[in-house]
Every structure is written in C-alpha cells, then in structure tokens.
Colleague: 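The structure under discussion is supplied below as structure tokens; questions concerning it will follow.
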Number of protein chains: 2
Amino acid sequence: MTTTGLDGFSLLDETWRTVTPDAARRMLIAAVQAFASKGYHATTTRDIASLAGMSPAAVYIHYRSKEELLFNISLVGHETSLALLSSIQGDGAAQRLKNAVAAFAGWHAEFHTTARVVQYELGALSPEHHAEVAELRRQIEQRMRSYIADGVEEGVFDVPDLKGATLAVLSLCIDVARWYQPGGKRTPDEIGAMYADLVLRMVRPN
Amino acid sequence: MTTTGLDGFSLLDETWRTVTPDAARRMLIAAVQAFASKGYHATTTRDIASLAGMSPAAVYIHYRSKEELLFNISLVGHETSLALLSSIQGDGAAQRLKNAVAAFAGWHAEFHTTARVVQYELGALSPEHHAEVAELRRQIEQRMRSYIADGVEEGVFDVPDLKGATLAVLSLCIDVARWYQPGGKRTPDEIGAMYADLVLRMVRPN
DNA sequence: CTTAGCTCTAAGCAACCGCTTAGTATGGAG
DNA sequence: CTCCATACTAAGCGGTTGCTTAGAGCTAAG
C-alpha cells in the first residue's frame, strides 16, 4: 500500500481511531470523503473501494451494505459531537455557553467532512437507523438547551423563547459544515470564537 | 388528468407562475418536490414524470436533461429570493434589517421545498450553471451585508466583524430550510419574527 | 506439512439509470 | 378534407448500480 490520498487525512481526523480492523477503517474514511464531497446517493461503492485502494467487493467484507457504511459514520459522528458538547466546563453559565458554542461550531468547521455527512445525509438512513441517530440528536439539543437555561436561571441571560433560541444556536453551529472551506480566511478556532461571541450577544440582557 | 398530488401545491407556491407551457411547469414542480424530499441524485427521471402524471419520455420534450431541470429550479429560486431581499423597505437601518431577516428566514420556511433544492443541491449543477448561480448568491450576500453596514454607519449597530456577521445572519436564515417542518409549532411568519428579533439582539450595541 | 479461517479479488448478475427512437393522437391552417 | 406542427407514449438501448459468487493468497495453530 502506498498512496491512496487517505494518509494525510487519517492523521488529521482521529474520529475513527476505534474502528478496526485497519482495512475497515480505511474503507470508512474513504466513504466519509466520498459522501461529503459528492453526497451519499452520487457515491458508488466502486468510488469508495477505489479511494480505499481496494476492489469493489472488499466493501462487503466489512460492511453489509452501503447504507451500513453511512450508518456507522453517522453514529460515530453523532456520538463524538455529543461527547464533545457534554464535556464542556467553565465558570458560570455565560462562560459555559461560550465554550459550548465555540467547541460545537469549531467541530463543524474542523471536521466539516464528517459533519457534512452527519448533518446532510440523515435522509439516506434506513428508518431503524434513522431512529437510533434521532435519539442522539435529541440529547445534543437537550445539552445545548440546558446551557442556555442555566444562564436564564442565573439571571445572566435574557431569552424570550428558550426552545427557539436553542434551535437557532444549534442551527447556526450546524450550518458551519455547509459553508466552511479549509482554505478560507478563518480557522476553525476563530470561527468558534466568533460564533461564541455572536451567541452571547444574542442572549445577553438589555 | 385527475390527482397527481400537485394540485394543492401549485396553488400554494406561486414561484413557478412564469414557467410555460403548463406541462413544463407541472414537470418542474414535480421535480422540486422529488428533489426536495429525496435529493437530486436519489431522484429518477421516472419519479419526476410519474409525479407529473406523464410518461418518462415527456421530461425530455421540455427539458434537455435532468440537470437542466435542476438548473431552472435553482435559477428561479435564487432570483426569487434575491428579488425578495432587494425589495425590503423600512424606517431606519434597524427596521430594514428586521424586515430583511423576517422576510428571508420566512421565505426559507414557507417555501422550504424550493429552498431545500436551492440551498442543498448546488453541487449537482454543471460547472457553467453553478457559476451562473454563484453570481446571484454573491448579490444576495451583498444585499444582506449592506443592510447591516447601514446600521453600523448610522451608529445603531455594533458589529466587530461585518463579513462574519453577514455570514452568520445568512447562515441562520438558510438553515431554516433544513429543519423546518410544515406541521411544526411555529408558522413561517413566526419564525421570521423570532429570527429578526434574535439578529437585532446580535447586532445591538452594549 | 496440513488445515482451517480470514481477507481479499476477478468476474458477473439482475435491476435500474438517463436518455433516444419510432410512432400515435390532437388540433389548427389552408 | 389534407397537411403539418406540436405534445405525447411505448419500447428499448447502452451503461452503471449495489451486491454476490467462486476461488486465490496469506497466516497461524496443530
């Protein structure tokens, strides 16, 4: 095995560390790249195999179907971003919300390849797999809502509509995956910081 | 011709009024519905024809290819939302930005079917068609930026990063098309009003 | 060395894709 | 009535799709 275009990628993205064996992980990373750049339906199993440097049939050694490949990506991606959002710390509700938005928006920029698949290919999942992922999405929403609710209870935030504000904040962060480009003016960290600032302005009292 | 599921739709959505002849318009509306619910690549020309109540070959009487169908949708959709954003009026920069966000976000809710195709199927356009649409997107961004810049010049907005804030505001509105569902708690107008309020909070001075 | 088990490939199958072709129905002009 | 243009359908073509099958290559236990 020499170059398949994956070498640099797998070093940058540690999301798939736990996927074994090696060939299964390379296949998954190839699928992430292909799904992200062309979309799930426009990607053929031959594309994925070719990106991973293997034959078309090799896909089915490690995965039952193309959809199962997508489900694995979606599941690990959602679990990773939920874990990230759950690990937020900080002094006071304002600091915690700031850290949460910076982390969540920053993740959607830094791992925009994974994030694009996670956020925009949900509809290609089977009903059973979709339901499983939807539960994780509910938990993500609940986490973000609690960060905002904390500030309201502390009296440091002024939010007329808690559910609406949560929706807007999550929406803002998620949409980063749509427009972010690696060669752009802002680094993922800068985007995270800028968005954290904008969100805090949104919830601050008059 | 009796029911194809389009009758109610075409009454609700006046975006395609100018498309003639009638069969071409019905085909386009069928394509919008199919592209929006399954994505461009997952939609077959047989799906579209069937939704329009015609034979598969009828698509090619009015359109050269499936991609040209998408291009027409994308072009008219972008022109419509640009026209909407360009027609904003109001007393003072704050009122104009408020109206602009309410209209733009509201449009992405009310016409979420069209908006989904417009915003999420850009990558399926041919390079030439994509370039044509990209120019319209630049004009949309410029419009929104000028509404924010006006407030900064008037001294009623405090925005550290004009381009960043414009990006965030557009992003917030566009992402409505991703999460909006017709049966939801909020009407398109309510979403527009809520988002206008959130954006004004974001740009107001301390 | 034998054998079992795992990973992978070469070849290909049935189904489906976008699109074309040949021909039919319709309606208006002369 | 004939003639012709337009709008449509039935049938199907070449190519591609997701996935399967049969078997080869490799590793390691006995």
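Per chain, numbering begins at 1; letters A, B, ... match sequence-line order.
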Colleague: Check every atom of C/dC19, C/dT20, D/dG18 against the side chain of B/A57 and return the nucleotide holding the closest atom.
Modeller: C/dT20
Colleague: A/I61 has an atom CD1; how far is it from atom P of D/dG18, in whole Å?
Modeller: 17 Å
Colleague: Which whole-number value in Å describes the distance from A/Y63 OH to D/dT20 C1'?
Modeller: 20 Å
Colleague: Report the nucleotide, chosen from C/dC19, C/dT9, D/dG18, that has the shortest atom-to-atom distance to any side-chain atom of B/S65.
Modeller: C/dC19
Colleague: Please determine whether the number of non-hydrogen atoms from other residues, nucleotides or ligands lying under 6.0 Å from atom CG of A/D91 exceeds 12.
Modeller: no
Colleague: One thing to verify: whether A/D161 and B/R186 come together as a salt bridge, which I'm taking to mean a side-chain N less than 4.0 angstrom from a carboxylate O.
Modeller: yes
Colleague: Rounding to an integer number of Å, can you tell me how far B/I48 CD1 sits from C/dC19 C1'?
Modeller: 13 Å
Colleague: Can you figure out which of D/dT17, C/dC8, C/dT7 approaches the side chain of A/P21 most closely?
Modeller: C/dT7
Colleague: Can you measure B/M54 atom CE to C/dA25 atom C1' for me and round it to whole angstrom units?
Modeller: 13 Å
Colleague: Provide, to the nearest angstrom, the distance between the NZ atom belonging to A/K38 and the P atom belonging to D/dT16.
Modeller: 12 Å
Colleague: For the pair A/H108 (side chain) and A/F104 (backbone), establish whether a donor and an acceptor sit closer than 3.5 Å, ignoring hydrogens and angles.
Modeller: yes
Colleague: Heavy-atom count around A/K98 NZ within 6.0 Å, excluding the residue itself: above 12?
Modeller: no
Colleague: How close or far is atom P of D/dC19 from atom CD of A/E67, stated in whole angstroms?
Modeller: 9 Å
Colleague: Closer to the 5' end of DNA chain D via nearest nucleotide, is it A/R46 or B/A24?
Modeller: B/A24
Colleague: Whole angstroms only, please: what is the CZ-P distance between B/R64 and C/dG18?
Modeller: 18 Å
Colleague: Check A/E141, A/Q142, A/E135 against A/R138 for a side chain to side chain donor-acceptor pair (under 3.5 Å) and give me the one that passes.
Modeller: A/E135
Colleague: Would you kindly give the OH-to-C1' distance between A/Y60 and D/dT20, to the nearest whole Å?
Modeller: 10 Å
Colleague: For C/dA10, does either OP1 or OP2 sit under 4.0 Å from a side-chain N or O belonging to A/S55?
Modeller: no
Colleague: Among the nucleotides C/dT9, D/dT9, D/dC8, which one has an atom lying closest to any side-chain atom of B/H62?
Modeller: D/dC8
